[in-house]
Amino acid sequence: MSRLTAIGALAALLATANAVAEEKVLNLYSARHYQTDEALYANFTKQTGIAINRIEAKEDELLERIRNEGAASPADVFITVDAARLAKADELGLFAPVKSRLLEERLPAHLRGNDWYAFSTRARVIIHNKQDVKAEDIQNYADLARPALKGKVCSRSGSHPYNLSLLASIIAHQGEAKAEEWARGVVANFARAPKGGDTDQIKAVAAGECGVAISNSYYLARLLRSPKAEDRKAMESVGIVWPDQKGAGAHINISGGGMLKTAPHKEAAVKFLEYLVSDDAQRYFADGNNEWPAVPTVKVANPALDALGPFKADSLPIAALARNAALAQKIYDRSGWR
Ligand code: FE
C-alpha cells in the first residue's frame, strides 16, 4: 500500500467513525425547562440510543450564544418560545432546511415556518377583574383600545415577543394603519406604564389595580393549578375571555424549533424533530407548560386547560407573525408602548 493510499484509507475510516458517532449524540439548546421534559428526553434516548446534551438558558441568551459560536457551534437543535424569536433565528440564517414527510404530515401547514416547526400552541387571551369590567365589553382585542376603558388597561412591554406577535397578527389581518390605531388606543387606556410579565398583569388584575390585561393562556392555567392557595384564590377575581371568537379567533403563539445549519449531528437532529411530533412526545411537550399539542390529533388531559373551555383559534400562518414582527416593534415605538 502506498503512503497516499494509506492516508486515504485512514481518512475513509475516520469518516466512517464520524458517521457512526453522529448517531450517538444530540446537542440541544433549549429555552424550556420543565420537569416533564426529563421524561421527554429520556424516551428519545431509549428509542434511538442517541444521548441528549442539553444547554438550557433564557430564550434570547441562547439565540445570542448560537450567533456568537458561529460555524463552531455544537448546537444541533434550537428550541424556544414565540414565533417572533424563531423568525429572528431564521432571518439570521441559523436554521437548515429539513426534508421530512413526517413533519409535513403531522403538523398543520400554518404551524410550520420556513425552516422551523411549532410543537405546541398557546393563546393570548384577555383577562379582566370581574368586579370592575364586564366580559361583554372586552370580547375583542379591538375593545382594549376603546375610550370606555381609559385608565383600566395594564400590559407588559411592547417590545416583548408575545406582544410583538400579537400586533403582528393584527397587522396581518387589518393592515398597518389599523394596527397602529389600535396600539395608540391601548396606550391611551393604560392604568400604568408597562412593567412586569404576564403573571404580574394577572395578579394586578386580581388585586383590582388593573381592570383589563392580556396574558398567555398557560400562565392562567399555572395559577389555576398552583399548589399555593393564594394563587387559586386570586384567580377567583379574574375572568378570562377568548378574544375575537366571531372574527379571526384568539391569537395563537407557539413553542417550536428547528435544526441549525451548523449542526454537527444532522441525522440525529432530524430524528429528534420527528420524535417531537409523535403522540407521546406531543403530550409531554404540551402538558409540561400547560399548552396545546401542535399535532391536531393528539389530545392532552389537563384539567386547568379543560377548565378554560373550548375556543376558536386564529389559523394565521405563524410565518406571517414572523414576517410582521419588525414592523410591530416600529408601531409600538411610534405609539409609545414602551
Ligand atoms: Fe412565557
For this session: Check the angle between the aromatic planes of Phe272 and Phe44 and answer parallel, tilted or perpendicular using the 30° and 60° thresholds.
Result: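 If you compare the ring of Phe272 with that of Phe44, the planes turn out perpendicular.
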Quick one: closest heavy-atom pair of [X] and [Y], and the distance?
{"X": "Ile66", "Y": "Tyr29", "value": "CG1-CD2, 3.5 Å"}
{"X": "Glu291", "Y": "Ser120", "value": "OE1-OG, 3.2 Å"}
{"X": "Ala168", "Y": "Leu321", "value": "CB-O, 3.4 Å"}

Hey, is [X] close enough to [Y] for a salt bridge, meaning N to O under 4.0 Å?
{"X": "Asp244", "Y": "Lys312", "result": "no"}
{"X": "Glu176", "Y": "Arg334", "result": "yes"}
{"X": "Arg283", "Y": "Asp280", "result": "yes"}
{"X": "Glu56", "Y": "Arg54", "result": "yes"}

For [X] and [Y], does a side-chain donor sit closer than 3.5 Å to a side-chain acceptor?
{"X": "Arg124", "Y": "Asn216", "answer": "yes"}
{"X": "His173", "Y": "Asp314", "answer": "yes"}
{"X": "Glu274", "Y": "Ser100", "answer": "yes"}
{"X": "Asn163", "Y": "Ser157", "answer": "no"}
{"X": "Asn290", "Y": "Arg122", "answer": "no"}

Exercise. In the single-linkage hydrophobic clustering (I, L, V, M, F, W, Y; side-chain heavy atoms under 4.5 Å), do Val241 and Tyr219 co-cluster?
Worked result: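 Cluster IDs for Val241 and Tyr219 differ.
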Exercise. Would Leu273 end up clustered with Ile254 when hydrophobic side chains under 4.5 Å apart are linked, directly or stepwise?
Worked result: no
Exercise. Which pairs with one or both residues in residues 123-232 pass disulfide bond (SG atoms under 2.5 Å apart), sequence neighbours excluded?
Worked result: Cys154-Cys210
Exercise. Hey, is the main chain of Ile126 close enough, under 3.5 Å, to the side chain of Trp242 for a donor-acceptor pair?
Worked result: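 Side chain of Trp242 to backbone of Ile126: no pair is present.
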Problem set entry | Under 3.5 Å donor-acceptor, Gln282 side chain and Leu276 backbone | yes
Exercise. Is NZ or CZ of Arg32 both nearer than 6.0 Å to the six-membered ring centre of Phe285 and within 45° of the ring axis?
Worked result: yes
Exercise. Does Asp287 reach the side chain of Thr36, with side-chain heavy atoms less than 4.5 Å apart?
Worked result: no
